[in-house]
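For the single chain, residues carry numbers from 1 onward in sequence order.
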Amino acid sequence: MPITSVEGAGAVLAATAPGIARGMERSYGDAALNPGGTLWDARSLNRFLAFDEETGILRCEPGVLLRDIQQTFSGRGWMLAVTPGTSVVTVAGAIANDVHGKNHATRGTFADHVQSITLVRTDGSVITCGPSLEREWFEATCGGLGLTGLIVEASIRLKRVPGPWLLAENIAYQSLAEFFTLSDESEAEFEHVVSWIDITTDGGGGASCLGRTRRRRRTGRCRRMRPCWAGCVAGRRCRSCRRSHW
């Protein structure tokens with residue numbers, strides 16, 4: 001059932017309940033399946049409503065895609081503080097699933113950067129909640145899979161970034177002990193860290209991908225001041241440290 005206006009959302013919900021909101025259907029748990037019930041589709045509510053260049057607070061409708069936020073604001077020095085593995089996710093879906101990114105250890109989840117949410121419920125009531133306003137509703141909605149109502153508006157705080165690019169490194173390791181050492185060493189330098197461990201190997205080897213934002217795209221030879229990077233060409237694997245650099 002399409003939701004085409006914020007003003008008419010309450011009437012649609014009341015007439016078609018019970019139901020649940022759907023977004024871009026990227027949830028691993030198939031959250032927006034409702035056999036025998038109604039799916040409320042608010043993807044057409046996809047407008048930016050306001051943006052504060054000083055604080056980085058963006059007010060938007062629920063159907064705005066994370067991809068659109070990144071494309072619109074990264075060139076202006078702002079990005080989402082938390083992004084999941086796909087950018088084709090709605091803001092409301094990111095809140096309802098309380099998604100996390102590869103910087104979970106430093107930035108937390110998506111909800112940690114939500115300032116306020118406006119919900120419409122099937123009884124026609126409208127609830128505005130946030131960390132300091134109707135906190136119980138806010139906590140139940142973040143990660144609540146749409147069970148508290150239909151999100152029709154959200155305010156989220158973006159983070160300042162030096163530019164739209166990421167400096168990334170891929171690092172192979174041969175054991176779990178090496179993985180833990182690498183993780184500890186990477187925390188101070190790289191905000192984004194993800195690792196894959198090959199459990200079929202005897203020692204638990206695998207690979208980590210590290211990233212941090214930067215102003216410009218790197219080209220040419222690696223300029224990092226580490227001995228094992230000497231002569232390393234961007235995009236090729238350094239034989240002495242097993243790293244791939246871009």
Assess, by modelled atom type and distance only, whether the side chains of Thr16 and Trp40 contain a donor and an acceptor separated by less than 3.5 Å. yes
Side chain to side chain contact (heavy atoms under 4.5 Å, CB included) test vs Thr141 passes for just one of Leu147, Asp98, Ile117, namely Ile117
Interatomic spacing from [atom1] in [X] to [atom2] in [Y] - rounded to 0.5 Å:
{"X": "Asn97", "Y": "Thr90", "atom1": "CG", "atom2": "OG1", "answer": "8.5 Å"}
{"X": "His192", "Y": "Asn103", "atom1": "NE2", "atom2": "CG", "answer": "5.0 Å"}
{"X": "Leu150", "Y": "Leu45", "atom1": "CG", "atom2": "CG", "answer": "7.5 Å"}
{"X": "Glu136", "Y": "Cys129", "atom1": "CD", "atom2": "SG", "answer": "11.0 Å"}
{"X": "Ser116", "Y": "Glu134", "atom1": "OG", "atom2": "CD", "answer": "12.5 Å"}
{"X": "Arg67", "Y": "Leu80", "atom1": "CZ", "atom2": "CG", "answer": "13.0 Å"}

If I compare all heavy atoms of [X] with all of [Y], which pair ends up nearest, and what's the gap?
{"X": "Pro131", "Y": "Gln115", "answer": "CD-O, 3.2 Å"}
{"X": "Thr213", "Y": "Gly163", "answer": "CB-O, 4.3 Å"}
{"X": "Val152", "Y": "Ala9", "answer": "CG1-CB, 4.3 Å"}
{"X": "Ala154", "Y": "Val91", "answer": "CB-CG1, 4.1 Å"}
{"X": "Glu169", "Y": "Phe190", "answer": "OE2-CZ, 3.3 Å"}
{"X": "Arg121", "Y": "Ile127", "answer": "CD-CD1, 3.6 Å"}

* Tell me, yes or no, whether the heavy-atom count around Arg76 atom CZ, taken from other residues, nucleotides or ligands under 6.0 Å, exceeds 12. => yes
Is the count of non-hydrogen atoms from other residues, nucleotides or ligands lying under 6.0 Å from His100 atom NE2 greater than 12? no
Tell me whether [X] contacts the main-chain N or O of [Y] through its side chain, where contact means a donor paired with an acceptor under 3.5 Å.
{"X": "Arg43", "Y": "Asp41", "value": "no"}
{"X": "Asp112", "Y": "Thr109", "value": "yes"}
{"X": "His113", "Y": "Arg107", "value": "yes"}

Could you state whether [X] and [Y] fall into the same hydrophobic cluster, counting links through intermediate Ile, Leu, Val, Met, Phe, Trp or Tyr residues with side-chain heavy atoms under 4.5 angstrom apart?
{"X": "Trp78", "Y": "Leu65", "value": "no"}
{"X": "Val114", "Y": "Ile69", "value": "yes"}
{"X": "Phe180", "Y": "Leu182", "value": "yes"}

For Phe179, the ring pair (Phe, Tyr, Trp, His ring centres under 6.0 Å) test, sequence neighbours excluded, returns Tyr173
Task: Parallel, tilted or perpendicular, as decided by the 30° and 60° cut-offs, for the rings of Phe73 and Phe51 - done: tilted
* Taking C-beta and beyond as the side chain, do Glu178 and Thr181 meet within less than 4.5 Å on heavy atoms? -> no
Under 3.5 Å, which donor-acceptor pairs link side chains of residues 1-8 to any protein atom two or more places apart or in another chain?
from: Ser5; atom 1: OG; to: Gly8; atom 2: N; distance (Å): 3.0

Sequence neighbours excluded, the answer for salt bridge (charged side-chain N to carboxylate O under 4.0 Å, His left out) partners of Glu187 is none
